Structures are given as C-alpha cells and as structure tokens.
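Step one of this worksheet: look at the structure below.
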Amino acid sequence: MLSMEDVYREHSHMVYQYLLSLSHDADLAEELTQETFYQAIRRIDYFNAESKVSTWLCGIAKNLFYAYLRKHPPTEILDENSTLCKSAESLDKMDLLKQIHLLKEPGREVIHLRLYGNLSYAEIGEIMGKSENWARVTFYRAKEQLRKELQNDK
C-alpha cells in the first residue's frame with residue numbers, strides 16, 4: 001500500500017486540475033486540493049479498493065467544491081478569458097452557457113473538464129472512472145448535441 005505522501009505526489013496535480021476546471025480559480029483550487037487530501041487522511045478507513053484512488057479523491061474534491069459553492073454562491077459564471085469563450089467567439093455567451101447547462105450528465109461534466117480544465121481525455125477518463133476512449137466519445141457526442149441545439153436556436 002502506498003503512503004499518503006506517495007498518493008499525494010502521484011495524484012495532487014490531477015486533483016488540482018480537476019478542481020481548477022470546476023472553480024476557474026487557482027487559489028481556490030489549491031486550497032481545496034489541500035483540503036481534499038486532509039479529508040482523505042481523515043477518511044482513509046472509508047476507502048474501499050473497489051474504485052481507483054484517483055476516483056475516490058476526485059469524489060472528495062467534488063463534494064468539497066459543492067460545499068464551498070453552497071457557502072459562497074458564484075457571482076460570475078464565466079470570465080472574458082475563458083477557453084470556452086475563445087473557442088466560441090461567434091456565439092452569444094449566454095446562449096452557449098444555457099445550452100451547456102441543458103446537456104445531460106455525463107456530457108455536461110466532460111465538456112466542462114475538457115474546455116475549462118484543459119484536461120486530456122485520459123485525465124477525464126480517470127476522473128470519471130472510465131476509459132480515455134469513453135471520454136473522447138462522450139465529449140464528441142456532447143459537442144455535437146450543443147452544435148445542433150445552437151443551430152436550432154438561430
């Protein structure tokens with residue numbers, strides 16, 4: 001069994017990137033990454049080897065992020081420098097965000113992780129407990145659904 005120090009070295013960057021993709025705030029992502037590993041140490045007895053360590057850590061991170069949002073509701077959904085805005089400059093930002101919000105899971109989360117978090121398909125697959133190919137297909141399908149919905153709105 002790996003020590004928590006080894007687990008931290010191996011997974012901290014991935015957890016940080018995941019939280020950064022959710023929060024779009026480097027300081028918050030760093031703070032929540034540290035809290036994720038603190039909670040992992042406290043709850044190590046609850047970890048069962050049925051899932052990957054990375055999946056378990058991302059589950060803790062996601063719960064911490066949502067707890068943070070409940071205490072600190074976001075005031076701004078997207079800033080002007082967002083990767084999503086750059087890739088869709090010709091689209092109205094609010095229309096695009098509304099359509100992303102309407103996507104079904106897991107497509108919505110995969111879109112967020114890929115566009116906001118700049119995560120690779122392999123990283124997305126690991127976070128979601130699926131394969132790299134699954135992440136590629138899910139992203140493609142969600143992107144195609146977005147494209148259709150946006151064309152129908154015009």
Side-chain angles (χ1 to χ4, degrees), residues 1-88 93 96-146:
M1 178 98 195
L2 294 173
S3 71
M4 269 318 270
E5 189 174 316
D6 293 335
V7 170
Y8 180 82
R9 260 192 247 108
E10 186 175 332
H11 298 285
S12 62
H13 180 71
M14 184 265 311
V15 170
Y16 171 79
Q17 288 295 321
Y18 176 63
L19 286 164
L20 185 60
S21 75
L22 293 174
S23 69
H24 314 291
D25 180 332
D27 292 333
L28 178 60
E30 180 63 35
E31 181 180 328
L32 291 176
T33 298
Q34 298 303 319
E35 183 65 20
T36 297
F37 283 92
Y38 171 72
Q39 292 299 327
I41 291 169
R42 289 187 60 224
R43 301 175 146 246
I44 194 70
D45 294 337
Y46 294 101
F47 175 71
N48 60 20
E50 293 176 15
S51 66
K52 292 182 179 179
V53 173
S54 59
T55 303
W56 179 62
L57 290 170
C58 285
I60 294 171
K62 187 176 186 178
N63 290 336
L64 288 170
F65 176 69
Y66 287 140
Y68 175 85
L69 285 181
R70 283 190 296 277
K71 290 180 183 176
H72 307 92
T75 56
E76 194 174 302
I77 296 174
L78 199 58
D79 68 3
E80 292 301 318
N81 297 321
S82 167
T83 305
L84 183 57
C85 289
K86 289 178 183 175
S87 67
K93 185 174 22 174
L96 182 61
L97 289 172
K98 286 177 186 176
Q99 291 303 323
I100 290 172
H101 180 72
L102 294 175
L103 287 174
K104 293 181 180 176
E105 292 296 346
R108 180 178 5 166
E109 187 167 1
V110 170
I111 289 281
H112 281 285
L113 292 172
R114 181 74 177 154
L115 296 179
Y116 292 134
N118 295 321
L119 296 179
S120 71
Y121 293 113
E123 291 170 321
I124 293 169
E126 185 174 339
I127 287 169
M128 304 291 286
K130 305 283 185 177
S131 69
E132 179 179 346
N133 191 51
W134 175 90
R136 286 180 190 279
V137 170
T138 304
F139 178 79
Y140 175 79
R141 289 178 180 164
K143 182 178 71 171
E144 288 302 305
Q145 184 65 38
L146 270 176

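Since this is a predicted model, take the numbers as computed values, not measurements.
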Anything under 3.5 Å between a donor and an acceptor, one on a side chain of residues 135-143, the other on a protein residue two or more places apart or in another chain? List them.
unit_1, atom_1, unit_2, atom_2, d
Arg136, NH2, Glu132, OE2, 3.0
Thr138, OG1, Trp134, O, 2.7

_Could you walk me through whether Val7 and Leu57 satisfy the side-chain contact (heavy atoms from CB on, under 4.5 Å) test, starting with their C-alpha distance in whole Å, then the side-chain angles of each, then the deciding distance to 0.1 Å, before giving a yes or no?_
CA-CA 10 Å; Val7 170; Leu57 290 170; 4.0 Å; yes
So, do [X] and [Y] sit near enough that their side-chain heavy atoms are less than 4.5 Å apart?
X: Asn133; Y: Tyr121; value: no
X: Ile44; Y: Trp56; value: yes
X: Ile127; Y: Thr55; value: no

*asked:* How close do Ser23 and Leu28 get, counting heavy atoms only, and between which atoms?
replied: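 In this case the closest contact between Ser23 and Leu28 is CB-CD2, 3.7 Å.
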*So, for Ser120 and Arg114, which heavy atoms are closest and what is the spacing to 0.1 Å?*
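The answer is CA-NH1, 3.6 Å.
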To the nearest 0.5 Å, what is the distance between [atom1] on [X] and [atom2] on [Y]?
X: Leu64; Y: Tyr38; atom1: CG; atom2: OH; answer: 11.5 Å
X: Phe65; Y: Leu20; atom1: CZ; atom2: CG; answer: 10.5 Å
X: Leu113; Y: Leu119; atom1: CG; atom2: CG; answer: 5.5 Å
X: Thr36; Y: His11; atom1: OG1; atom2: NE2; answer: 13.0 Å
X: Ile111; Y: Ser21; atom1: CD1; atom2: OG; answer: 12.5 Å
X: Leu32; Y: Asn63; atom1: CG; atom2: CG; answer: 11.5 Å

*All side chain to side chain donor-acceptor pair (under 3.5 Å) counterparts of Tyr16, not counting sequence neighbours*: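 If we apply the side chain to side chain donor-acceptor pair (under 3.5 Å) test to Tyr16, skipping adjacent residues, there are no hits.
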_Apply side-chain contact (heavy atoms from CB on, under 4.5 Å) to residues Met14 and Cys58 and explain how you reach the verdict._
CA-CA 9 Å; Met14 184 265 311; Cys58 285; 3.4 Å; yes
*Quick one: list whatever passes salt bridge (charged side-chain N to carboxylate O under 4.0 Å, His left out) with Arg108, sequence neighbours left out.*
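For Arg108 the salt bridge (charged side-chain N to carboxylate O under 4.0 Å, His left out) partners, ignoring immediate neighbours, are Glu105.
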_With Glu35 via salt bridge (charged side-chain N to carboxylate O under 4.0 Å, His left out) - residues at least two apart_ =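 By the salt bridge (charged side-chain N to carboxylate O under 4.0 Å, His left out) rule, Glu35 matches no residue at all.
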*Tell me, with the steps shown, if Ile124 and Tyr18 meet side-chain contact (heavy atoms from CB on, under 4.5 Å).*
CA-CA 9 Å; Ile124 293 169; Tyr18 176 63; over 6 Å; no
*asked:* Listing request: all salt bridge (charged side-chain N to carboxylate O under 4.0 Å, His left out) pairs with a residue in residues 120-129, at least two apart in sequence or in separate chains.
replied: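 Non-adjacent pairs meeting salt bridge (charged side-chain N to carboxylate O under 4.0 Å, His left out): zero.
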_Suppose the criterion is salt bridge (charged side-chain N to carboxylate O under 4.0 Å, His left out): which pairs have a residue in residues 51-65, not counting sequence neighbours?_
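Qualifying pairs: Lys62-Glu109.
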